[in-house]
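In each ligand, atom 1 is the first atom listed, and ligand 1 is the first ligand listed.
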Amino acid sequence: MYTTELQKADPGVRSVEPADLVAAFEARVAADEFIEPKDWMPEAYRRTLIRQISQHAHSEIVGMLPEGNWITRAPSLRRKAILLAKVQDEGGHGLYLYSAAETLGASRAEMIDALHAGKAKYSTIFNYPTPTWADIGAIGWLVDGAAIMNQVPLQRTSYGPYARAMVRVCKEESFHQRQGYEIMMTLAAGTSAQRRMAQDALDRWWWPALMMFGPPDDQSPNSEQSMRWRIKRDTNDELRQKFVDATVPQAELLGLTIPDPDLRWNEARGGYDFGAIEWEEFFAVVRGEGPCARERIEARRKAWEDGAWVREAADAYEMKRRQRLAA
Ligand code: FAQ
């Protein structure tokens with residue numbers, strides 16, 4: 001995959017880095033100081049950040065599509081206005097994140113090309129379909145809920161521009177989560193057909209939401225180093241567990257059933273035990289075999305081509321502005 005190649009392109013690079021600079025960098029990370037764009041950083045740290053931040057940016061942009069699908073069909077003007085604002089927020093998150101990756105020397109054109117060529121990763125969750133309105137509730141509640149769980153610790157990630165982008169993103173994600181939960185509350189308290197819709201959406205989104213946190217820790221090649229660099233503050237399994245513990249009582253409040261016969265409170269651990277995740281499905285979706293994978297990339301490519309005139313107009317304006325300044 002492109003992002004892995006980016007990170008691992010030059011394995012020899014580490015050995016030629018001056019030991020005093022590496023030691024000073026590690027001491028700053030250990031002291032919880034932010035690393036800023038102009039600071040010296042190990043090449044592998046820079047590449048890891050470009051990998052993670054660009055994947056995160058792509059996820060936000062592709063993540064606009066499953067919900068965007070419902071903007072014209074939202075059941076009321078109020079729901080439409082809220083959904084429109086939410087989807088626009090996701091677009092904004094993608095733009096902050098692309099900008100953060102650019103501060104590390106990544107080129108926007110290269111990142112976008114990799115996405116359109118199907119080489120870049122983005123979150124598995126956005127490869128699932130949204131056939132009913134209840135899916136919009138389930139996405140806000142579960143997908144934004146999982147995103148918050150993952151992104152709150154990223155407000156303290158060691159790279160300054162990424163951490164600061166996360167502060168605003170998390171505020172907006174909280175609103176998104178609330179709006180999703182409110183849709184689920186309305187459906188769960190509605191007619192029996194509405195309750196069935198809500199349960200069906202929970203049944204379809206629960207397991208993919210748990211997969212969002214990434215592979216189990218013993219199959220996560222990047223976690224150990226990213227934890228050492230304080231890019232990641234918690235492991236994939238730790239965050240997944242926190243999400244389950246926070247979400248089960250929310251499902252109970254809705255009167256909905258989490259589709260996991262093995263789910264039960266573990267008194268000794270003070271957390272919920274849950275059933276086995278189908279990791280084969282996760283890895284297949286990561287490989288680009290998700291149910292909507294082709295359609296998502298096609299939609300992004302079309303949006304990029306349809307928007308070419310906007311980029312050309314901005315370039316022409318900039319050229320005229322420079323000519324005026326030079327005259
Ligand atoms: N999907 O060694 P690890 C959102 C890949 S934003 C696809 O554990 P790492 C907002 C991983 O890249 C959702 N690929 O990797 C929203 C790696 O491949 P690589 C996105 C996945 O980086 C809501 C390989 O597997 N959030 O939802 C996934 O240490 C509603 C091995 O994995 C972020 O990006 C996956 N789920 O940990 C928008 C948060 N998981 O690169 C619209 C920032 C893993 O070596 C609507 N990212 N992989 O080829 C992170 O926290 C981390 O990158 C993880 C993965 C935790 C996702």
Side-chain angles (χ1 to χ4, degrees), residues 1-8 47-70 83 86-94 97 100-101 114 119-128 130 135-136 138-155 157 159 162 165-166 169-170 172-177 179-180 205 208-229 231-240 243 277 279 281-290 293 296:
M1 278 302 207
Y2 156 86
T3 45
T4 304
E5 282 159 17
L6 244 185
Q7 187 193 11
K8 295 175 185 157
R47 288 187 182 154
T48 296
L49 280 167
I50 293 178
R51 176 184 67 77
Q52 178 166 326
I53 299 173
S54 63
Q55 289 176 4
H56 194 165
H58 297 323
S59 303
E60 298 280 357
I61 298 294
V62 177
M64 296 167 76
L65 298 169
E67 289 170 292
N69 180 35
W70 275 93
L83 185 58
K86 178 187 193 291
V87 173
Q88 283 175 341
D89 285 350
E90 312 297 1
H93 299 173
L97 287 161
K119 291 183 189 167
K121 288 194 173 76
Y122 59 88
S123 184
T124 42
I125 194 79
F126 302 116
N127 289 301
Y128 291 88
T130 44
D135 293 321
I136 303 308
I139 289 179
W141 173 33
L142 301 173
V143 177
D144 286 277
I148 294 171
M149 202 53 90
N150 167 273
Q151 289 170 18
V152 164
L154 290 177
Q155 294 176 106
T157 190
Y159 186 57
Y162 192 22
M166 284 302 108
V169 167
C170 284
E172 293 177 349
E173 301 289 22
S174 302
F175 148 66
H176 299 169
Q177 197 272 354
Q179 69 85 38
W205 289 93
L210 295 195
M211 293 174 194
M212 279 178 76
F213 295 94
D217 291 351
D218 59 6
Q219 292 176 58
S220 162
N222 303 300
S223 277
E224 196 187 328
Q225 181 62 75
S226 289
M227 294 285 285
R228 218 175 305 131
W229 278 328
I231 293 173
K232 283 169 87 162
R233 293 290 187 155
D234 305 87
T235 71
N236 301 353
D237 286 333
E238 284 165 359
L239 291 173
R240 190 167 10 249
F243 174 75
I277 295 174
W279 289 113
E281 174 182 328
F282 168 79
F283 288 116
V285 180
V286 172
R287 285 196 303 271
E289 295 163 23
R296 297 289 183 247

*Which bit of Phe282 is near ligand 1, meaning a heavy atom under 4.0 Å away: side chain, backbone, both or neither?*
side chain
*If you count the atoms of ligand 1 from 1 in the order shown, which ones are under 4.0 Å from a heavy atom of Met211?*
36 (N)
_Restricting to side chain to side chain donor-acceptor pair (under 3.5 Å), what partner residues turn up for Thr235, sequence neighbours left out?_
Asp217
_Suppose I only count heavy atoms of Ser59 and a 4.0 Å limit; which atoms of ligand 1 are within that range?_
13 (C), 20 (C)
*Under 3.5 Å: donor-acceptor pair, side chain of Glu90, backbone of Val87*: no
*Met212 vs Asn150, side chain to side chain contact (heavy atoms under 4.5 Å, CB included): CA-CA, chis, key distance, verdict*: CA-CA 9 Å; Met212 279 178 76; Asn150 167 273; over 6 Å; no
_Residue portion contacting ligand 1 (non-hydrogen atoms closer than 4.0 Å) for Lys86_ = side chain
_For ligand 1 and Val286, I'd like to know whether there is a polar contact (N/O to N/O, distance under 3.5 Å)._
no
*Trp279 and Phe282 aromatic ring geometry - parallel, tilted or perpendicular at 30°/60° bounds*: perpendicular
*So, the side chain of Trp70 versus the backbone of Thr130: is there a donor-acceptor pair under 3.5 Å, distance only?*
yes
_Does ligand 1 come near enough to Glu60 that some N or O of the ligand is less than 3.5 Å from an N or O of the residue?_
no
*Which atoms of ligand 1 are found less than 4.0 Å from any heavy atom of Lys232?*
8 (O), 9 (P), 29 (O), 37 (O)
_What I want to know is whether Glu90 and ligand 1 share at least one N or O pair that is separated by under 3.5 angstrom._
no
*Contacting atoms of ligand 1, where contact means under 4.0 angstrom from a heavy atom of Asp144*: 23 (C), 30 (C)
*Report the part of Asn150 (side chain from C-beta onward, or backbone N, CA, C, O) that has a heavy atom under 4.0 Å from ligand 1; answer both or neither where that applies.*
side chain
*asked:* How about CD on Glu224, more than 12 heavy atoms from neighbouring residues, nucleotides or ligands closer than 6.0 Å, or not?
replied: no
*Flag Asn236 as yes when one of its N or O atoms lies below 3.5 Å from any N or O atom of ligand 1, and as no otherwise.*
yes
*Heavy-atom gap Pro215 to ligand 1 smaller than 4.0 Å*: yes
*Specify side chain, backbone, both or neither for Gln52, according to which of its non-hydrogen atoms lie closer than 4.0 Å to ligand 1.*
side chain
_Among residues at least two apart in sequence or on other chains, which ones pass ring-ring contact (aromatic ring centres under 6.0 Å, His included) with Phe213?_
Phe243
*Hey, is Glu173 touching ligand 1 through its side chain, its backbone, both or neither, going by heavy atoms under 4.0 Å?*
side chain
*For ligand 1, which atoms sit closer than 4.0 Å to a heavy atom of Gly214?*
40 (N), 44 (C)
*Is there a donor-acceptor pair closer than 3.5 Å between any side-chain N or O of Arg240 and the backbone N or O of Ala146?*
no
*Heavy-atom contacts under 4.0 Å between Ala147 and ligand 1: side chain, backbone, both, or neither?*
side chain
*Given that the side chain starts at C-beta and the backbone is N, CA, C, O, which of these parts of Phe283 lies under 4.0 Å from ligand 1, counting heavy atoms, or is it both or neither?*
neither
*Do ligand 1 and Tyr162 have nitrogen or oxygen atoms that lie under 3.5 Å from each other?*
no
_Test item, Glu67 contacting ligand 1 (heavy atom, 4.0 angstrom)_ = yes
*Using heavy atoms and a threshold below 4.0 Å, how should the contact between Val285 and ligand 1 be classified: side chain, backbone, both, or neither?*
neither
*Does Asp237 use its side chain to pair, donor to acceptor, with the backbone of Pro216 at less than 3.5 Å?*
no
*Atoms in ligand 1 flagged as close to Gln151, the criterion being non-hydrogen separation under 4.0 Å*: 6 (S)
*Please determine which of Glu173, Glu172, Gln179, Glu67 meets the side chain to side chain donor-acceptor pair (under 3.5 Å) test together with Lys86.*
Glu67
*Check for a donor-acceptor pair, side chain of Ser174 on one end and backbone N or O of Cys170 on the other, with a separation under 3.5 Å.*
yes
*Met212 to ligand 1: N or O pair under 3.5 Å?*
yes
*N or O pair under 3.5 Å between Gln55 and ligand 1*: yes
*Given side chains that start at C-beta, do those of Gln52 and Asn222 come closer than 4.5 Å, heavy atoms only?*
no
*Judging by distance only, is a nitrogen or oxygen of Ser220 under 3.5 angstrom from one on ligand 1?*
yes
*So which bit of Lys121 gets within less than 4.0 Å of ligand 1, heavy atoms only: side chain, backbone, both or neither?*
side chain
*Counting only heavy atoms, which portion of Tyr122 has something under 4.0 Å from ligand 1: side chain, backbone, both, or neither?*
backbone
